[in-house]
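Residues take their numbers from the sequence shown, with the count starting at 1.
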Amino acid sequence: MKRLLFGMFAAVLLSACQPLYHAERSYKVYEKEPEFFQNLMNTPPENQNAKPSVVLEDSSYPISLQLYQDGRFYYYLKRLGDGWGNWDYKKGYLHLYAERKLFVMNFEIHSIDPESSAVSLEFSDRFGPKFLKLQQQTK
């Protein structure tokens, strides 16, 4: 009986050490300098002379993002509402982080084309990894 319980405990412990989600990208990503991401940035909303906002969204997933030059971002999720987080430049991509009441949001924005400004949003939700090719809208 003890061996059975120990075996079950060991199996649960070892399975907990496995990565929860793993999937291959359907595209290649390219490391870019911070200047590459400047065309995605908005002036802070407090600025009275702000130009039209650049909104990043994907039609297949109900999310939209607005990045700001001051290191913040605004997100809107259709069913979960909106909020604010922070972004920073990592080695070749942007890392976005926000805390919600029930979960933490970790996003990455990568360049997906060496010749254009095309970008993707990568994250995992409760259904697994998501790889979204973002569209840039001006509003």
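- Checked by atom type and distance alone, the side chain of S116 pairs as donor or acceptor with a backbone atom of A118 at under 3.5 Å.
- In this structure, L121 CG and E108 CD are separated by 9.5 Å, a value rounded to the nearest 0.5 Å.
- Under the ring-ring contact (aromatic ring centres under 6.0 Å, His included) criterion, the residue pairs touching residues 89-115 are Y93-H110, F107-F123, with sequence neighbours excluded.
- Under the 3.5 Å distance criterion, with hydrogens and angles disregarded, a donor-acceptor pair is assigned to the side chains of Y61 and D125.
- Put simply, the side chain of L96 does not reach to within 4.5 Å of the side chain of Y75, judged on heavy atoms.
- Put simply, OH on Y68 and CG on L40 are 13.0 Å apart, with the number rounded to the nearest 0.5 Å.
- A distance of 10.5 Å separates CD of E122 from CD1 of I109, quoted to the nearest 0.5 Å.
- Put simply, M105 and L94 are part of the same group of oily side chains (I, L, V, M, F, W, Y) that touch within less than 4.5 Å, one to the next.
- Residues passing the ring-ring contact (aromatic ring centres under 6.0 Å, His included) test with Y76: none are found, sequence neighbours excluded.
- The closest side-chain heavy-atom distance from R72 to P44 is below 4.5 Å.
- Summarising the geometry of F73 relative to L67, their closest heavy-atom pair is CB-CD2, 3.6 Å, with the distance given to 0.1 Å.
- The shortest distance between side-chain heavy atoms of K32 and V119 does not fall below 4.5 Å.
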Which donor-acceptor pairs under 3.5 Å do side chains of residues 128-139 form with protein atoms, sequence neighbours excluded?
residue : atom : partner : partner atom : Å
Q136    : NE2  : S117    : O            : 3.3

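- Of the possible polar contacts, one joining the R100 side chain to the L80 backbone as a donor-acceptor pair under 3.5 Å is found.
- Neither F127 nor L102 shares a network with the other; the hydrophobic side chains, linked directly or stepwise wherever heavy atoms of I, L, V, M, F, W or Y lie under 4.5 Å apart, form separate groups for each.
- The shortest distance between side-chain heavy atoms of M41 and V54 does not fall below 4.5 Å.
- Distance check: D82 CG to I63 CD1 gives 11.5 Å after rounding to the nearest 0.5 Å.
- Distance check, rounded to the nearest 0.5 Å: CG of N42 to CD of Q69 gives 8.0 Å.
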